[in-house]
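Here the structure is laid out as structure tokens; the discussion comes afterwards.
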2 protein chains.
Amino acid sequence: MTVLETQGFLPHIAFDSVVFGFSKGKLKILLMEYHDTGWLALPGGFVGKNEDLDEAAKRGLKERTGLDNIYLEQFYTFGNMARFRPEVMQTILAANGFHLDSDHWMLDRFISVSYFALIDFEKVILTPDELSDSIAWYEIENLPNLILDHNAIVKKALQTLKENLERKLIGGNLLPERFTMNELQQVYEAIFGQKLRRTTFQRKMLGLDILERHEKLYTGKSHKAPYLYSFRKV
Amino acid sequence: MTVLETQGFLPHIAFDSVVFGFSKGKLKILLMEYHDTGWLALPGGFVGKNEDLDEAAKRGLKERTGLDNIYLEQFYTFGNMARFRPEVMQTILAANGFHLDSDHWMLDRFISVSYFALIDFEKVILTPDELSDSIAWYEIENLPNLILDHNAIVKKALQTLKENLERKLIGGNLLPERFTMNELQQVYEAIFGQKLRRTTFQRKMLGLDILERHEKLYTGKSHKAPYLYSFRKV
DNA sequence: TTATTATTGTCTCATTATGAGACAATAGAT
DNA sequence: ATCTATTGTCTCATAATGAGACAATAATAA
């Protein structure tokens, strides 16, 4: 049964997720590419008639990334009329061989409840949905054009992430369990979009008393080996 | 034409507003009391089929408070199954003489896109809606039980307000155009829920270079008269 | 083995921000 | 003229941050 045949979703309500990952010093997000059209969009979906809104977002992420227990935060609901462009969805569906009546629920107006997720880049197993050719990582600094208002959604997600980063100390969710101080600093720099002072950053992070120091990491480079750290549990 | 006869709203989508005002040193919000039931709820409404989500929230506020140009911020969308309790709305409507079929759109599941507003307490002209006996101010520190998850909505609104207060300097929206430093401090204290140091607060506010100093305010009290301030435009 | 290089962890010192209070100025009451 | 409560501005101690110095060290080159 395809999503189109299902009668089990709430009309007019969708969710979209801005999934952040960090790799090679760059902040990236996941984008789907729809069949034939080449159009890019945020991963998202619909809400089951008997499903919690948050559960729907978690389910969607699990389907695309294979991950459970993701750091996930709802940040805004987009509901302007300007985002109602039924021809966009119609084109995407037509490229998949579906030709719907114009009163079909999927061609109706939708509001998008939007979430952002922070995940460990290395752990993801990407899986496209039935309408997409691919799902892949794109650098946040150099995003292509996305369908509808998805560029604005990403912009707001990044803004929210910036504002929350220090207060909530969530940056570590983008790294593996153990990481070096330099890696953590790179995450902060990528999100804030600016260089930070090494010694000040180290002093502040250690002073927060949230990091646990482990063994050194010998990378084979000819210089002093950095310690590995993890975030203190509870 | 009552809201019940209207076919012009999106199903499943509502908005609710936490309207903050400040008076006599206390932070307060607006609550509606439904006919007969005595039940209390946040002011809210539905979204027109051709209406922007934000516009719907503004329209609702205009109807209840008479105010335009309100500081209004969307902060969260509540969409758990637990908030789907059709008997609540049915009881409210029954108390107003409406007896709807159980498949009526108003008895369906709703998600609530929630906003908070900051307004000048003195400027409001309160107007109940067609299902309510009254709309009135209630102290945030001593709220009664509200229907559904509205207590949780208020809690989240207050939390968001706290988190945004310093970064966005929005506290002045709760005061009239001109105010004393002491009044501004009381607003901050009411929102943070704790006393602040007078001299430090004054120094910080003046140091931000966002206040304009005007004439003194002579209240008739036997002590030095404070200056009036306003927020610098642009 | 020893010198070299790049990076790390920690220290110092200057600058800025904040906490806590002192104190003179002053509007009205006594 | 004196008193009281509050305001605006200072001062000084303490804490946080900016900016850099410097020794430690892991691998490489000599």
Side-chain angles (χ1 to χ4, degrees), chain A residues 22 24-25 162-163 165-169 171-172 175-232, chain B residues 22 24-25 162-163 165-169 171-172 175-232:
Chain A
F22 183 78
K24 301 203 173 74
K162 271 187 206 178
E163 289 170 358
L165 183 57
E166 282 172 304
R167 192 161 38 76
K168 293 192 178 172
L169 301 170
L175 293 172
E177 174 74 14
R178 297 193 176 191
F179 49 86
T180 66
M181 192 61 78
N182 188 35
E183 287 169 335
L184 186 60
Q185 183 176 342
Q186 282 185 54
V187 167
Y188 274 70
E189 288 176 340
I191 294 174
F192 285 135
Q194 58 176 3
K195 289 281 172 193
L196 300 174
R197 183 157 286 274
R198 182 181 67 92
T199 55
T200 307
F201 182 81
Q202 175 133 299
R203 175 172 58 188
K204 186 173 224 167
M205 279 297 155
L206 293 177
L208 290 174
D209 208 43
I210 50 168
L211 294 182
E212 204 150 349
R213 179 177 282 183
H214 303 287
E215 76 280 6
K216 291 187 171 192
L217 173 69
Y218 298 90
T219 58
K221 300 284 179 60
S222 66
H223 53 71
K224 192 172 178 180
Y227 288 108
L228 286 168
Y229 296 90
S230 66
F231 280 89
R232 204 185 292 288
Chain B
F22 183 77
K24 302 201 173 73
K162 268 187 206 177
E163 289 170 358
L165 183 56
E166 283 171 304
R167 192 160 37 78
K168 293 193 180 172
L169 301 170
L175 292 171
E177 174 74 13
R178 296 194 176 189
F179 48 85
T180 65
M181 192 61 77
N182 187 37
E183 287 170 333
L184 186 60
Q185 184 177 339
Q186 282 185 56
V187 167
Y188 274 70
E189 288 175 342
I191 295 173
F192 286 135
Q194 58 177 3
K195 288 283 173 192
L196 300 175
R197 184 155 289 272
R198 183 181 65 90
T199 54
T200 307
F201 182 81
Q202 176 133 305
R203 176 174 54 190
K204 187 173 222 166
M205 279 297 156
L206 293 178
L208 289 174
D209 208 45
I210 51 168
L211 295 180
E212 203 149 352
R213 180 178 280 183
H214 303 286
E215 75 281 6
K216 290 187 170 193
L217 173 69
Y218 297 91
T219 58
K221 299 284 180 58
S222 65
H223 54 71
K224 191 172 178 179
Y227 288 107
L228 286 170
Y229 295 89
S230 67
F231 280 89
R232 205 185 291 287

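The analysis underlying the following values was restricted to heavy atoms, covering all of them including side chains, and did not include hydrogens, waters or symmetry mates. Letters A, B, ... mirror the listed sequences (proteins, then strands); counts begin at 1. It should be emphasised that the depicted structure is a prediction, and the values quoted were computed from it without experimental measurement.
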Polar-atom pairs under 3.5 Å, protein N or O versus N or O of nucleotides 14-17 of chain C: list them with distances, or write none.
none

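- A 4.5 Å side-chain heavy-atom check between A/Ile210 and A/Tyr229 finds every atom pair outside the cut-off.
- The stretch residues 181-201 of chain A participates, sequence neighbours left out, in these salt bridge (charged side-chain N to carboxylate O under 4.0 Å, His left out) pairs: A/Glu189-A/Lys195.
- Annotation: salt bridge (charged side-chain N to carboxylate O under 4.0 Å, His left out) contacts involving residues 211-227 of chain B, sequence neighbours excluded, comprise B/Arg178-B/Glu215.
- Only at 4.0 angstrom or more do the heavy atoms of residues 177-189 of chain B sit from any atom of DNA chain C, so none qualifies.
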Which pairs, protein N/O on one side and nucleotides 27-29 of chain C N/O on the other, fall under 3.5 Å?
| unit_1 | atom_1 | unit_2 | atom_2 | d |
| --- | --- | --- | --- | --- |
| C/dA27 | O4' | B/His223 | O | 2.7 |
| C/dA27 | N3 | B/Ser222 | O | 3.0 |
| C/dA27 | N3 | B/His223 | N | 2.7 |
| C/dG28 | O3' | B/Gly220 | O | 3.3 |

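- Taking a heavy-atom distance under 4.0 Å as the criterion, the stretch of DNA chain D touched by chain B extends 5' to 3' from D/dT4 to D/dT11.
- Residue pairs meeting the ring-ring contact (aromatic ring centres under 6.0 Å, His included) criterion with at least one partner in residues 188-221 of chain B, sequence neighbours excluded, are B/Tyr188-B/Phe201.
- Between the P atom of C/dT7 and the CG atom of A/Leu217 lies a distance of 14 Å, rounded to the nearest Å.
- With sequence neighbours left out, B/Arg167 forms a side chain to side chain donor-acceptor pair (under 3.5 Å) with A/Glu163, B/Asn164.
- Residues from residues 192-203 of chain A placing a heavy atom under 4.0 Å of any atom in DNA chain D, listed by number, are A/Arg197, A/Thr199, A/Thr200, A/Arg203.
- Evaluation of the salt bridge (Lys or Arg N to Asp or Glu O under 4.0 Å) rule for B/Glu166 yields no partner, not counting sequence neighbours.
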